[in-house]
Amino acid sequence: MDYNFKQIEKKWQDKWEQAGVFHARDNSDKPKFYALVEFPYPSGAGMHVGHIKAYSGLEVVSRKRRLQGYNVLFPIGFDAYGLPTENYAIKTGVHPRKVTDMNIEKFTSQLKRVGFSFDWTRVIDTTQEDYYKWTQWIFLKMFENGLAFRDKTLVNYCPSCKVVLSNEDSQGGKCDICHSDIVQKSKDVWYLRITEYADKLLEGLEEVDYLPNIKLQQENWIGKSRGAFVTFAVNEADESFRIYTTRPDTLFGVTFMVMGPEHPMIDKYAGIIKNMDEVKAYREECAKKTEFERTQLVKDKTGVRLEGFTAKNPVNGKDIPIYISDYVMMGYGTGAIMAVPAHDQRDYDFAKKFGIDIIEVIKGGDISVEAYTGDGEMVNSGFLNGMTNKKDSIAKMIDYLTEKGIGEGGVQYKMKDWAFNRQRYWGEPIPIVYCPDCGMVPVDYKDLPLKLPEVENFEPGQDGESPLAKIESFVNCKCPKCGKDAKRETDTMPQWAGSSWYFLRYIDPHNSSALADMDKLNYWGPVDWYNGGMEHVTRHLIYSRFWHRFLYDIGAVPFKEPYLKRTAQGLILGPDGVKMSKSRGNVIDPNEVVDVYGADVLRTYVLFMGDYEQAAPWSESSVKGCKRFIDRIWKLQEMLADGDEYSKELSSSMHKTIKKVTEDIESMKFNTAIASVMTLLNTIYDNGKINRAELKSLLLIVNPFAPHITEEMWERQGFGKMLASDGVWPEFDEEKCVDDTVEIAVQINGKIRAKINVATDISDSDAISAAKQDEKVKAEIEGKNIIKEIYVKGRLVNIVAK
RNA sequence: GCAGGUAUGGUGAAAUUGGCAAACACGCCGGAUUUAGGAUCCGGUGUCGAAAGACUUGCAGGUUCAAGUCCUGUUACCUGCACCA
């Protein structure tokens, strides 16, 4: 009687759905457990096995926790706004709404075929009006609180996608969506003031349980540094400007200043600067470079001196030349720096190229060769001379600057404000109106959602205008404040908006009067365990922490940090060991695996293939190994014996395996959990039989991994109605995990010479004398001096003899 | 350049945190059954060696009765950030 997975898997998927066994209950005496996986972007390509691995981790934890008596919320949804859908619509002419609905349907059927225990009554689609209404609501709250604002600055722009991108979306100088080179463009765009939350985001990390490298990456991304702002006076005008430095103590070593090419002071004093032609030419050159080109030319410094425009060093009164160079960026600090070539390699390279003095102020290096960035005694530095401790000399200089009123201590962050608008169609409309009299006016809360209008043509406009700009009926409106004719903002929100708060909506997905009910938020929040990809650590994960913390600050949610625990799964690589991609043709479709081997095999394999956090290549033949595992479980029914208690032969194996599986699932060591069940299976096959009590426990601990086959066997053996609703996770007894006797190794001088069987609870001295009874050992220690004897309980005896 | 990580059989990987390295699985070899196998079952499988035995966790040292695990140095690869002042 072979296991007919096709029929049986379908049967149980239907039964679970009918019985609603995975619906989370809002009122329950059980302890709650909120497990969250990153909801997918429903792309046209459908899911691949990477999705399955990403969801299988917490799927197993959730199923186990239910059997352990938890009230589990394990939801799923769709993050459906985004460029790929819109680009597909442009190419084919099919409306994004239609494409999205089709894709969601496809994803849903794929997910259901794998038997995930999601609560399908709480599904979210970020493109639905009753959802994005609240996305817009949050935006308006931010606007109200001064966190959403417009500013004309240099922005990252993708010429291919024709959109402005945030820093997070253009890491490495490449567009996150199409991987084209990013260019800098001066543009008036919407920002969310995430920098105001930099410290809160840093502090929040201290109270959550994230993988260490996740915390670290976020810390680096926020990039807090401490230093000082110093004011430099200009000699030729009644003017001064500020710089930021982390080493104010090197102020005596300043031999030039550098401003970013776009520094506003240059235009202001164009009349004084004698070589404006040269300056303008350099600026144009810089503007043409892509981010990529800029970072490729790190070694070769370029720049132009501002002739007839110099600064005065505030600590020693020296006149200092000012240059412009693209190695100074407008987006960090003040857009101008003091250059200390002796102790900064970039300044050093620049000084060498332009023949500028290099003055040593910290002893210890050889400044004729390179900049010295280490510690040492201060020299040529007036009142700092002789100091050797970096912290002290920095503090002393900051005190001096503060006292003289020419500077003060300060901090800077690498993180920049979040460029928040996209000149595209398929996103949440930004609910702002431009009134000629009132200026920027928010849409009234009662008028939300501001609906995305129907359009015919999704192509973005030539000068980076949103397709919405062409829809007159949308653009033209009345000012919500004064009622006069006004125009709407036509840009939409970026892809990350909807996903920044979706975990809150799962808690109360159909609420029409609030983003979620406060009582329910109190019951379910925060998310107990969130699993997702490493690629989102400095994007979605930081954005959503920011939104959530804001919502907490305005009293919309009752808890500070959204996620108590965050883990990440490793990629599944193609069979060729390279990242799966359509262009390489090495993508594995979960449907095909389910067709050939069944969902239980797929689920088991993605967790058995290796360390959950590590990347691992797909291996068709290893899938077969898991198929054998499933089939061997089925065949246990042929060796079934009676028995209401564990048999003597299998008792310790049962307890050991239950312990291992119970503990390993919680620490995401799914591979070893499955391995231990395989070991148990080998033991049972050697034993030749399994009794009902043993089978019952085995089905329960395998159920989270392979729910269909275990459910079917549960029913056939009459253990109860339905495992998913009636099953109770088996207990293990620590004491019963140990066998009566144990094989230990006997070492002589650290080398294994024999193995002996002893009682598990044998005393140290008895174990050692037992070891000495062994013929081999006797011969080895014959005539030698025994220096030391060690017994490690249940492990080994080591005799040191000379 | 900065930060973090990884390195163990032919392959994916285990190793109670200092205590028998290679669990579990794949692959391979041999056998049984079979008209047949992407089926099942049994046995073998780190390397060298006929064997006794010796050697073995990227490389070189060190600590220890005992090191994959701790310390020092070094190499390679991976990931993230990157002219961040």
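Worth knowing before you read on, the calculation uses all heavy atoms, side chains too, and leaves out hydrogens, waters and symmetry mates. Below, chain A is the first sequence line, B the second, and so on; all start at residue 1.
Between B:A85 and A:Y244, no contact under 4.0 Å exists linking OP1 or OP2 to a side-chain N or O. Regarding contacts with the backbone of B:C24, every side-chain N or O of A:K669 stays at 4.0 angstrom or more from both OP1 and OP2. When the side-chain nitrogen and oxygen atoms of A:R628 are compared with OP1 and OP2 of B:A25, none of them lie within a distance under 4.0 Å. Within the structure, every side-chain polar atom (N or O) of A:N682 is placed at least 4.0 Å from both OP1 and OP2 of B:A23.
Closest-nucleotide positions on RNA chain B for A:Q217 and A:S621 were compared, and the one nearer the 5' end corresponds to A:S621. Each of A:T538 and A:V596 was matched to the nucleotide of RNA chain B holding its nearest heavy atom; the match closer to the 5' end belongs to A:V596.
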Show, in sequence, the C-alpha distance, side-chain angles and deciding distance for A:E370 and A:K352, and conclude whether the salt bridge (Lys or Arg N to Asp or Glu O under 4.0 Å) test is met.
CA-CA 10 Å; A:E370 59 179 2; A:K352 279 283 177 200; over 6 Å; no
Using the salt bridge (Lys or Arg N to Asp or Glu O under 4.0 Å) rule, take A:E663 and A:K659 through it: C-alpha gap first, then chi angles, then the decisive distance, then the call.
CA-CA 6 Å; A:E663 293 172 353; A:K659 174 178 156 73; 3.2 Å; yes
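Here B:A3 is the nucleotide among B:G12, B:C83, B:A3 with the atom lying nearest to any side-chain atom of A:N220. Nearest nucleotide to the A:K755 side chain, out of B:C20, B:G27, B:A85: B:C20. For A:I752, counting side-chain heavy atoms from C-beta on, the closest listed nucleotide (B:A21, B:A13, B:C24) is B:A21. Side-chain proximity of A:L216 to the nucleotides B:C83, B:G4, B:C65 is greatest for B:G4. Side chain of A:M678, nearest nucleotide from B:A25, B:G4, B:C65: B:A25. Of the candidate nucleotides B:C20, B:C26, B:A85, B:C20 has the atom lying nearest to any side-chain atom of A:L796. The side chain of A:A675 sits closest to B:C24 out of B:G38, B:A85, B:C24. Between B:C26, B:A66, B:C24, one nucleotide has an atom nearer to the side chain of A:N798 than all others, and that is B:A66. Nearest to the side chain of A:T672, among B:G19, B:C20, B:A15, sits B:A15.
Residue contacts shown for A:D326 include a base, since a base heavy atom lies under 4.0 Å away. As judged by a 4.0 angstrom heavy-atom cut-off over every strand, A:K776 is placed among residues touching the sugar-phosphate backbone only. Contact annotation for A:G333: no contact, since no heavy-atom pair falls under 4.0 Å across all strands. At a threshold of 4.0 angstrom between heavy atoms, the contacts of A:M329 include nucleobase atoms, whether or not backbone atoms are also involved. Within the nucleic acid shown, A:Q412 has no heavy atom closer than 4.0 Å to any nucleic acid atom. Looking at heavy-atom distances under 4.0 Å, A:K635 makes contact with sugar-phosphate atoms alone, never a base. A:V258 comes within contact range of no nucleotide atom at all, as no heavy-atom separation falls under 4.0 Å. Among the protein residues, A:D611 comes within range of the sugar-phosphate backbone only, with heavy atoms under 4.0 Å from sugar or phosphate atoms but none that close to a base. Looking at heavy-atom distances under 4.0 Å, A:V792 makes contact with a base. Residue A:K751 is in sugar-phosphate contact alone, with no base atom involved, counting any heavy-atom pair closer than 4.0 Å across all strands shown.
A salt bridge between A:K353 and A:D300 is present, with a side-chain N of the basic residue lying under 4.0 Å from a carboxylate O of the acidic one. Salt bridge annotation for A:R247-A:D344: absent, with no cationic side-chain nitrogen under 4.0 angstrom from a carboxylate oxygen. Ion pair A:E613/A:R566 not flagged as a salt bridge, since none of the NZ, NE, NH1 or NH2 atoms sits closer than 4.0 Å to an Asp/Glu carboxylate oxygen. Salt-bridge annotation for A:D199 and A:K224: present, with a side-chain N of the basic residue lying under 4.0 Å from a carboxylate O of the acidic one.
One C1' atom belongs to B:G9, the other to B:G44, and the distance between them is 15 Å to the nearest Å.
If you measure from atom CD1 of A:I630 to atom P of B:A25, you get 13 Å, rounded to the nearest angstrom.
Side-chain N/O atoms of A:K301 and base N/O atoms of B:C83 include a donor-acceptor pair closer than 3.5 Å. Side-chain atoms of A:Y597 and base atoms of B:G38 include a donor and an acceptor less than 3.5 Å apart.
For the pair A:K301 and A:F350, the cation does not sit on the ring face, since its NZ or CZ is not both under 6.0 Å from the ring centre and inside 45° of the axis.
B:C77: Watson-Crick or G-U partner is B:G5, with both key distances under 3.5 Å. Using N1 to N3 plus N6-O4 or O6-N4 for Watson-Crick, or N1-O2 and O6-N3 for G-U wobble, each under 3.5 Å, B:U40 pairs with B:A32.
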